[in-house]
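To start, the structure itself, in structure tokens.
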Amino acid sequence: LKTHMQPERVLYVSSQNNSAIFPAFANRLEYSKEEKQIVITLHNLWKNDSDIYVCAGVLKNAPSLSVNRSGTMMLVKETEQVYCGNSSWGINGLIIAVALLFSALVCCALYRVDVKKYCQKKTPNAVYEDMSYSSRRSTLVRT
């Protein structure tokens, strides 16, 4: 039960697990029940949901409610909701465009510079003369 600002029923759960969520909280309330404990979760709170919530029991053959006075006070502050669903597409598009332009710039730079020239092994400019015994024999001068 909401008790102070706008008294109204929120949820009814019987011992036979029959339940009723009242219209003001339809699609905004979930609950779970284990033995004698009930956990209630409210979603999408509005400012007018601020109130003191208490649990009340209805005893068989009793005309009145048995209310647990140690309720829960809930204060909902109004917040500004910012919808930014489309702005992320703009940011992602900008990042992709910058990445594509950067890769095009790198490709152009590599195309202009002769990369093969820098990647090949250079052969030294040297002349070798064979000085082995077999080659010297043919060049002997005899007198």
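In what follows, every heavy atom counts, from backbone to side chain, and hydrogens, waters and symmetry copies are set aside.
F25 and M74 fall within a single hydrophobic cluster, where Ile, Leu, Val, Met, Phe, Trp and Tyr side chains are chained together by heavy-atom contacts under 4.5 Å. Linking ILVMFWY side-chain heavy atoms closer than 4.5 Å, directly or via other members, places Y53 and L75 in two distinct hydrophobic clusters. A continuous path of ILVMFWY side-chain contacts below 4.5 Å connects V10 to L45, so both sit in one hydrophobic cluster. The cluster map of Ile, Leu, Val, Met, Phe, Trp and Tyr, joined by side-chain heavy atoms under 4.5 Å apart, puts L11 and W46 in different clusters.
Atom-to-atom distance recorded for L29:CG and I21:CD1 is 5.0 Å, nearest 0.5 angstrom.
The minimum heavy-atom distance between K33 and I38, with the atom names listed, is CG-CG1, 3.9 Å. Taking each heavy atom of K2 and N48 in turn, the nearest pair found is NZ-O, 3.0 Å. In terms of heavy-atom proximity, V76 sits nearest to K47 at O-CG, 3.8 Å.
S19 and Y31 share a donor-acceptor pair across their side chains, judged by distance under 3.5 Å alone.
R28 contributes a side-chain N or O that, together with a main-chain N or O of N44, makes up a donor-acceptor pair within less than 3.5 Å.
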